[in-house]
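These notes are about the structure you will find just below.
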Amino acid sequence: MKRIAVLTSGGDAPGMNSAIRAVVRKALYEGIEVYGINYGYAGLVAGDFKKLTRQDVGDIIQKGGTSLYSARYPQFATEEGQLKGIEELKKFGIEGLVAIGGDGTYRGAHALTQHGYPCVCIPGTIDNDIAGTDYTVGFDTAINTVLDSLDKIRDTATSHVRTFVIEVMGRDAGDIALWTGIASGAEQIIIPEVDFDITKIAEKIRQGREHGKKHTIIVLAEGVMGGNEFAEKLDAIDNFHVRVTVLGHVQRGGSPSARDRVLASRFGAAAVDLLKEDKGGLALGIKNEAIVSNPIEDVLDKLETTSNLALYQLNQEISF
Ligand code: F6P
């Protein structure tokens with residue numbers, strides 16, 4: 001291939017810029033031209049393309065968000081949208097596409113693949129919910145952002161001997177809650193992958209207080225229910241005066257961690273390597289520290305908790 005394109009789509013994630021930079025720099029190193037597509041699949045259909053130079057991707061490795069902008073674009077589920085996208089790519093003489101994002105991005109790339117257009121996907125989402133990879137770009141930064149807040153909440157929780165419910169993102173996956181719960185020493189982690197018993201949790205809070213615990217931190221994954229709803233259920237059992245913090249989109253921003261920058265750089269270069277060999281229809285991943293690729297269709301619809309549930313059990317054993 002002599003000309004490829006790159007886009008970011010769906011929820012942004014720290015490290016997307018590092019991946020864009022790697023795609024562009026590696027492609028130019030290999031003598032391949034690169035076009036950036038603005039606003040994900042919406043920009044693809046609209047023909048919102050720009051040729052990227054080495055300098056265009058300078059000074060972005062450390063920046064959060066995505067310099068190509070992003071969008072949620074459900075219209076790309078239609079065949080009409082997909083064919084229009086391919087038409088635009090061909091108009092620019094672009095022979096392959098690197099799509100950076102999560103589940104929705106993969107679906108779009110899969111559709112293009114089914115129409116015979118070569119795509120390579122890079123997992124970029126804070127949720128860490130993509131099958132075929134141990135980690136997604138953005139997850140490490142997001143959990144460190146959450147951790148910073150959890151440590152701060154613990155200070156005030158201890159001072160007032162309070163119970164806090166902290167709702168974190170993750171869509172239908174519990175990885176963000178699981179990792180930050182363990183890292184912050186939370187008393188309880190609630191994730192969609194494991195059932196919970198509210199009366200047992202209430203009992204644990206009471207026991208903790210009897211044993212002199214000054215705070216109770218409950219990290220709740222948004223995929224289970226909202227923080228306020230959960231707090232109401234707890235307060236209905238006993239008058240804990242639960243305080244709720246919904247961390248929200250702060251979890252998606254910020255400068256990517258070293259780990260996310262390195263991961264994104266490796267993925268970006270690997271995507272170019274595949275397209276250079278005319279290989280498409282593939283999703284990149286990292287497994288046991290090695291870069292791997294799988295057919296996109298193999299990773300779709302397989303919600304994967306990359307953090308094994310042994311971590312959940314670990315927290316049950318050491319948190320009280
Ligand atoms: O997929 C990333 C994510 O931040 C999820 O954790 C969250 O459920 C969702 O996106 C929020 O989407 P939006 O920014 O469209 O509200």
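Counting starts at 1 for both ligands and their atoms, in listed order.
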Which of the numbered atoms in ligand 1 are under 4.0 angstrom from any heavy atom belonging to [X]?
| X | answer |
| --- | --- |
| H249 | 13 (P), 14 (O), 16 (O) |
| R171 | 6 (O), 8 (O) |
| M169 | 4 (O), 6 (O) |

Starting from [atom], what is the nearest protein heavy atom, named by residue and atom, and what distance separates them?
| atom | result |
| --- | --- |
| atom 15 (O) of ligand 1 | R72 NE, 2.8 Å |
| atom 4 (O) of ligand 1 | R252 NH1, 2.8 Å |
| atom 6 (O) of ligand 1 | D127 OD1, 2.7 Å |
| atom 8 (O) of ligand 1 | E222 OE2, 2.5 Å |

Return yes if some donor-acceptor pair links the side-chain N/O of T105 with the main-chain N/O of A99 below 3.5 Å, else return no.
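Not at all, since once roles are kept as given, no pair shorter than 3.5 Å links the two residues.
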
Sole residue of Y69, F76, Y106, Y73 in ring-ring contact (aromatic ring centres under 6.0 Å, His included) with Y41:
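When ring-ring contact (aromatic ring centres under 6.0 Å, His included) is applied between Y41 and each of Y69, F76, Y106, Y73, only F76 qualifies.
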
Within the 6.0 Å centroid threshold, strictly below: Y135 and F267:
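That pair fails the under 6.0 Å test.
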
Lys/Arg N to Asp/Glu carboxylate O, K90 vs E87, below 4.0 Å
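Here K90 does not pair with E87 in a salt bridge, since their nearest N and O are not under 4.0 Å apart.
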
Any salt bridge linking K26 with E30? Criterion: basic side-chain nitrogen under 4.0 Å from a carboxylate oxygen.
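The answer is yes: the pair qualifies as a salt bridge.
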
Within the structure, does G11 bring an N/O atom to less than 3.5 angstrom of an N/O atom in ligand 1?
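No - when backbone and side-chain N and O of G11 are compared with those of ligand 1, no distance drops under 3.5 Å.
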
Judged by modelled atom types alone, do D148 and T145 share a side-chain donor-acceptor pair under 3.5 Å?
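Note: D148 and T145 side chains miss the donor-acceptor criterion.
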
Could you tell me if any non-hydrogen atom of G102 lies under 4.0 Å from any atom of ligand 1?
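Contact absent.
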
Heavy-atom check, side chain of L97 versus side chain of Y35, under 4.5 Å:
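A side-chain contact is absent here, since even the closest heavy-atom pair is not under 4.5 Å.
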
